[in-house]
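Following: one structure in structure tokens, then a few remarks.
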Amino acid sequence: MPENQKIKREAMRMVRMNRGKLIQISLIIILSGGTGLLGFISTQAAIFAVSATLHTGAVVGTTAGVLKWIYLLLALHLLSSIWVGSFIEIGFARLLLHRTRGEAVPMEILLFFRKRWLEAVMLRLLMTIKTLLWSMLFIFPGCFAMLRYAMAPYLMAQHPQMGAPEAIKVSTHLMQGYKKKLFFLILSFADEIIISILTLGIPFVYVVPRIEAAVAVFYWERVALHDKQLRELERSVKREEKKYNEGN
């Protein structure tokens, strides 16, 4: 499997498109909550933090009113993440997988999975529940779980007939021994993420597609390597069978 820098270079090539189109796609993804499991869990954490602050009674007046509006907006975004963002995420993954192969695809592909939105919702909820359960043990098991299931949306994007439990199972298999590599790939975007946070999140319209594109390239590379390993294992088994038959 290639080094992360090579994967990033390939990802940057993928997102070289009309700037207006890139911003438009990014806004749809971010506003609908289709940014993936980390964004979904982060929204839940933000809602919990705002709710806890309001219940303490430490803020009153205008500040409390502002926090209530923030709470409402976060709650609406969470609902959007479940009912809309769940299938938008898979549609975006499909768009990126096509672009990895050099294929031009229309923006309508973002809605590709809308007819199977219930399966997309199930995938998001299953991934969230499993990640949160692991997080109850400690923060690191939760992070590992998030990495373990990271390939599931891309698997469903490539194989629309695949169900949510199966996608999670296959993703777990694919990520055995590769969680650390994916972690450092995402970590390589830390400077861009920090700058985006410090500038009110505006640069995220460029950063989000870059990260997702890198994960898409990672997915193709991992699948290709997995298929190669399977072929090598199959050839090895056939050689062993041939030796056994010749010996008998």
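Excluded from the calculations below are hydrogen atoms, water molecules and symmetry mates; all remaining heavy atoms, backbone and side chain alike, are included. We count residues from 1, following the sequence as given.
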Leu96 side chain reached by Val217 side chain, heavy atoms, under 4.5 Å: no
NZ (Lys130) with more than 12 external heavy atoms under 6.0 Å: no
Flag for Tyr206-Glu192: side-chain donor and acceptor within less than 3.5 Å: no
Check: Leu225 and Glu221 side chains under 4.5 Å, non-hydrogen atoms: no
Any donor-acceptor pair under 3.5 Å from His98 side chain to Ile109 backbone: no
Flag side-chain contact, heavy atom, 4.5 Å: Ser32 against Glu89: no
Heavy-atom closest contact (Ile197 atom, Phe204 atom, distance): CG1-CZ, 4.1 Å
Single-linkage hydrophobic cluster, 4.5 Å side-chain cutoff, Val208 and Ile195 together: no
Least distance between heavy atoms, Val205 atom then Ser26 atom: O-OG, 2.5 Å
ILVMFWY cluster, Ile28 and Ile202 together (side-chain gap under 4.5 Å): no
Side-chain heavy atoms of Trp69 within contact of Leu72, under 4.5 Å: yes
Euclidean distance, Lys115 NZ relative to Phe87 CZ, rounded to 0.5 Å: 12.5 Å
Where Ala164 and Met156 come nearest, the two heavy atoms and their spacing: CA-SD, 4.1 Å
Backbone of Ser51 reached by a side-chain donor or acceptor of His55 within 3.5 Å: yes
Six-ring centre of Phe112, Arg94 cation under 6.0 angstrom, axis tolerance 45°: yes
Exam field: side chain Ser171 to backbone Ala167, donor-acceptor pair closer than 3.5 Å: no
Least distance between heavy atoms, Gly142 atom then Thr131 atom: O-CG2, 3.5 Å
In one Ile/Leu/Val/Met/Phe/Trp/Tyr side-chain cluster, 4.5 Å: Ile88, Met107: yes
same_hphob_cluster(Met122, Leu79) at 4.5 Å side-chain heavy-atom cutoff: yes
NZ-CE distance between Lys181 and Met175, expressed to the nearest 0.5 angstrom: 10.5 Å
Student check: side-chain heavy atoms of Leu155 and Leu174 closer than 4.5 Å: yes
Min side-chain heavy-atom separation Lys180-Phe184 under 4.5 Å: yes
side-chain contact (heavy atoms from CB on, under 4.5 Å) between Lys179 and Cys143, intermediate numbers included: CA-CA 10 Å; Lys179 290 184 286 293; Cys143 291; over 6 Å; no
Pi-cation contact, Phe189 with Lys8 (under 6.0 Å, within 45°): yes
Nearest heavy-atom neighbours spanning Ala214 and Ile7: O-CG2, 3.5 Å
Reference residue Met151; test side-chain contact (heavy atoms from CB on, under 4.5 Å); the match among Leu182, Val223, Ile168: Leu182
Arg148 to Trp134 six-membered ring, cation-pi geometry met (6.0 Å, 45°): yes
Row check, Tyr178 ring normal vs Arg222 NZ/CZ: under 6.0 Å, within 45°: yes
Taking every non-hydrogen atom, the tightest pair across Ser86 and Trp117: OG-O, 4.4 Å
Joint hydrophobic cluster, Phe48 plus Leu125, side-chain heavy atoms closer than 4.5 Å: no
Any side-chain heavy-atom pair of Ile90 and Leu123 under 4.5 Å: yes
Test item: Gln44 and Leu132 side chains (from C-beta on) under 4.5 Å apart, heavy atoms: yes
Stepwise side-chain contact (heavy atoms from CB on, under 4.5 Å) test for His159 and Glu166: CA-CA 11 Å; His159 306 286; Glu166 185 183 0; over 6 Å; no
Rounded distance [0.5 Å steps], CG in Leu54 versus CG in Leu67: 5.0 Å
Separation between CD1 of Ile70 and CD1 of Ile47, rounded to the nearest 0.5 Å: 12.0 Å
Distance in Å, Leu110 CG paired with Ile29 CD1, rounded so as to fall on 0.5 Å steps: 6.0 Å
Gap separating the CD1 atom of Ile193 from the OG atom of Ser188, nearest 0.5 angstrom: 8.5 Å
